[in-house]
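A short write-up of the structure that comes next.
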Amino acid sequence: MFLVPVGYAIYLSLFSEDHEGLGFGGGRTVFTGLRSYLSVLQDPSFLTGFGTIALYCVIFVPLVVISALALALLLDSGLVRMRRTAQMLVYLPHAVPGIIAAVIWLYLYTPGLSPVIKLFAQADITIDFLGLHTVLPSIVNIALWSGLGYNMIIFYAALQALPREVIEAATIDGAGGIRTALQVKVPIIRGSVVMVCMFSLIGALQLFTEPMLMNQATPMVNSRFTPNMYIYDAAFRRNNYGLASAASVILLIVTCVLSYAVTRWSGRRERRA
């Protein structure tokens with residue numbers, strides 16, 4: 001399920017379609033070696049897409065991890081009434097398919113349609129959610145809305161598995177609620193925190209649905225806005241499957257390297273602790 005598609009992508013990346021003359025008629029498949037990889041790495045739009053996704057990761061990953069952990073700690077503290085209802089309400093956006101969530105938020109971001117923009121206009125506040133400096137935070141907001149509940153459930157399940165005697169011992173020692181949460185609970189569930197960080201990072205690197213829809217609504221999101229959009233554009237708009245495969249393999253390598261780095265960093269922290 002994993003190795004066969006990866007192997008086929010590597011195979012495709014080593015070939016390209018060669019058209020003779022003016023490009024009329026059928027082409028022939030020729031071996032090009034690493035030429036597609038060099039073309040991808042020398043393409044400014046692909047590198048710009050990686051810069052965009054890097055900025056997206058810097059904003060999204062800490063935000064979703066900290067917010068989900070804070071909500072889970074709040075639910076575990078017992079301060080929230082009707083905890084099951086609260087869990088369901090926070091988790092509910094995750095049950096909405098990603099493309100539907102993107103359509104809903106695109107409606108709320110579109111001038112002339114959005115009731116939110118109209119409400120701000122009544123207060124003499126002008127805001128463009130699809131502008132040059134706001135489109136990326138708008139995409140982060142959609143992903144946060146969709147993924148917050150899922151990650152919160154992971155943290156809450158880990159917190160529920162903590163030995164109650166440890167929490168009681170911290171309370172007897174005079175630790176308050178905030179101190180118990182930050183110095184007792186969070187260090188114990190460090191493994192869950194690292195897992196959520198890694199999954200959020202992998203998901204962020206694969207960003208596609210939200211900017212793909214916004215590409216139809218704003219010129220600030222072009223057809224190669226992210227690496228995944230670059231791959232889609234190369235394969236289905238330019239019909240260059242060798243280039244798309246090479247970009248896919250590069251994205252896979254970057255994802256694996258970052259996942260390995262997070263895992264090694266976590267392992268070193270645990271050994272020091």
Side-chain angles (χ1 to χ4, degrees), residues 1-10 12-13 34 36-69 72 94 98 135-137 139-148 150-155 158 186-187 189-212 221 224-235 243-273:
M1 296 297 292
F2 176 77
L3 294 179
V4 172
V6 170
Y8 186 57
I10 295 174
L12 286 178
S13 69
L34 300 178
S36 294
Y37 291 93
L38 294 176
S39 299
V40 170
L41 294 175
Q42 292 174 357
D43 192 335
S45 61
F46 183 75
L47 300 179
T48 301
F50 256 110
T52 300
I53 211 69
L55 181 58
Y56 173 83
C57 290
V58 169
I59 300 173
F60 171 72
V61 175
L63 195 58
V64 71
V65 172
I66 293 173
S67 300
L69 184 57
H94 181 72
V135 67
L136 190 61
I139 295 174
V140 169
N141 178 64
I142 300 174
L144 184 64
W145 182 79
S146 300
L148 185 61
Y150 176 78
N151 293 317
M152 182 270 294
I153 292 296
I154 294 176
F155 287 139
V186 173
I189 65 167
R190 182 183 299 160
S192 297
V193 175
V194 173
M195 181 184 69
V196 169
C197 287
M198 187 166 61
F199 286 171
S200 299
L201 179 62
I202 293 172
L205 290 171
Q206 298 175 2
L207 181 67
F208 177 78
T209 303
E210 295 86 352
M212 192 65 182
V221 178
R224 306 177 193 179
F225 187 72
T226 67
N228 262 350
M229 291 181 66
Y230 180 94
I231 295 167
Y232 179 88
D233 178 76
L243 192 70
S245 299
S248 301
V249 173
I250 292 173
L251 180 60
L252 172 65
I253 292 173
V254 171
T255 303
C256 292
V257 168
L258 290 177
S259 300
Y260 177 75
V262 171
T263 305
R264 285 295 302 269
W265 173 79
S266 171
R268 289 180 180 179
R269 290 290 299 271
E270 288 183 0
R271 286 193 293 269
R272 291 175 183 176

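Residue numbers run from 1 in the order of the sequence given. All of these numbers come straight from a predicted model, not from anything done at the bench.
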Nearest heavy-atom neighbours spanning [X] and [Y]:
X    : Y    : result
L207 : T226 : O-OG1, 3.0 Å
S45  : Y230 : OG-CE1, 3.5 Å
P211 : V221 : O-CG1, 3.2 Å
L47  : L41  : CD1-O, 3.5 Å
A247 : I231 : CB-CG1, 3.6 Å
C57  : P62  : O-CD, 3.4 Å

Any chance OH of Y150 has more than 12 other-residue heavy atoms, nucleotides or ligands included, within less than 6.0 Å?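 12 or below, so no.
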
Is it true that, when you exclude F50 itself, more than 12 heavy atoms of the residues, nucleotides or ligands shown sit nearer than 6.0 Å to its CZ?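 Correct, the count exceeds 12.
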
Take I189 and L69 through the side-chain contact (heavy atoms from CB on, under 4.5 Å) test and state the conclusion after the steps. CA-CA 10 Å; I189 65 167; L69 184 57; 3.9 Å; yes

Set of residues satisfying ring-ring contact (aromatic ring centres under 6.0 Å, His included) with respect to Y56, sequence neighbours excluded: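 Here the qualifying residues are F60.
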
When rounded to the nearest 0.5 angstrom, what distance separates [atom1] in [X] from [atom2] in [Y]?
X    : Y    : atom1 : atom2 : value
I250 : S245 : CD1   : OG    : 11.0 Å
T263 : W265 : OG1   : CH2   : 11.0 Å
M198 : T255 : CE    : OG1   : 12.0 Å
T209 : I139 : OG1   : CD1   : 11.0 Å

The test is side-chain contact (heavy atoms from CB on, under 4.5 Å); show your working for F46 and L243 and say whether it passes. CA-CA 11 Å; F46 183 75; L243 192 70; over 6 Å; no

Donor-acceptor under 3.5 Å (H94 side chain, G147 main chain): no

side-chain contact (heavy atoms from CB on, under 4.5 Å), that's the test. Do N151 and F199 meet it? Break it down for me. CA-CA 10 Å; N151 293 317; F199 286 171; 5.8 Å; no

Sorted by first residue and then second, give each salt bridge (Lys or Arg N to Asp or Glu O under 4.0 Å) pair with at least one member in residues 196-209; sequence neighbours left out. none

Name all residues meeting the side-chain contact (heavy atoms from CB on, under 4.5 Å) criterion together with L3; count only those two or more places apart in sequence or in a different chain, and write none if there are none. none

Could you please spell out the steps behind the side-chain contact (heavy atoms from CB on, under 4.5 Å) verdict for V262 and V194? CA-CA 8 Å; V262 171; V194 173; 4.0 Å; yes

